[in-house]
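Following: one structure in structure tokens, then a few remarks.
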Amino acid sequence: TERTRLEMDHTRNEIWDLLYRSGPQTVEQIAAGIGIDAATVNEVIVHEWFELAAAMVYIATTEPPNTIAGLVG
């Protein structure tokens, strides 16, 4: 389903707030936590605010969550 930009922004804010409070979660946990489907979560997290690593969604930082020195880049 196509969502409007405002709906996407609102959902993105909800996900960011959830992750800020709880720490990293899976797509399924996020979907259950804010009452939307996993496909929508996957669509919304493709954004500079988020990182997906080891099946967990993180709030983006200046460094990847599992950086190993010498292997970045």
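Everything numeric here is computed off the predicted structure, so don't read it as measured data. This chain uses plain numbering: 1 for the first residue, then up along the sequence.
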CD1/I15 to CD1/I34 distance, rounded to the nearest 0.5 angstrom? 4.5 Å
Step-by-step side-chain contact (heavy atoms from CB on, under 4.5 Å) determination, T61 to E51: CA-CA 8 Å; T61 60; E51 297 171 353; 4.1 Å; yes
Looking at H47, I want to see if its NE2 is surrounded by more than 12 non-hydrogen atoms of other residues, nucleotides or ligands under 6.0 Å. yes
Hey, any chance V41 and V46 share a hydrophobic cluster, counting ILVMFWY side chains that come within less than 4.5 Å of each other, even indirectly? no
Which atoms form the tightest heavy-atom contact between A31 and A38, and what is the distance? CB-N, 3.8 Å
Is L6 reachable from I36 through a run of hydrophobic residues whose side-chain heavy atoms are each under 4.5 Å from the next? no
Say you draw a straight line from CD1 of I45 to OG1 of T40; how long is it, rounded to the nearest 0.5 Å? 11.5 Å
When you compare the side chain of M8 with that of V44, does any pair of heavy atoms fall below 4.5 Å? yes
Salt bridge flag under 4.0 Å for residues R21 and D17: no
Quick one, D9 with R12, criterion side-chain contact (heavy atoms from CB on, under 4.5 Å). Give me CA distance, side-chain angles, the key distance, then yes/no. CA-CA 5 Å; D9 288 347; R12 190 171 291 122; 3.1 Å; yes
Side-chain contact, heavy-atom cut-off 4.5 Å: L19 with F50? yes
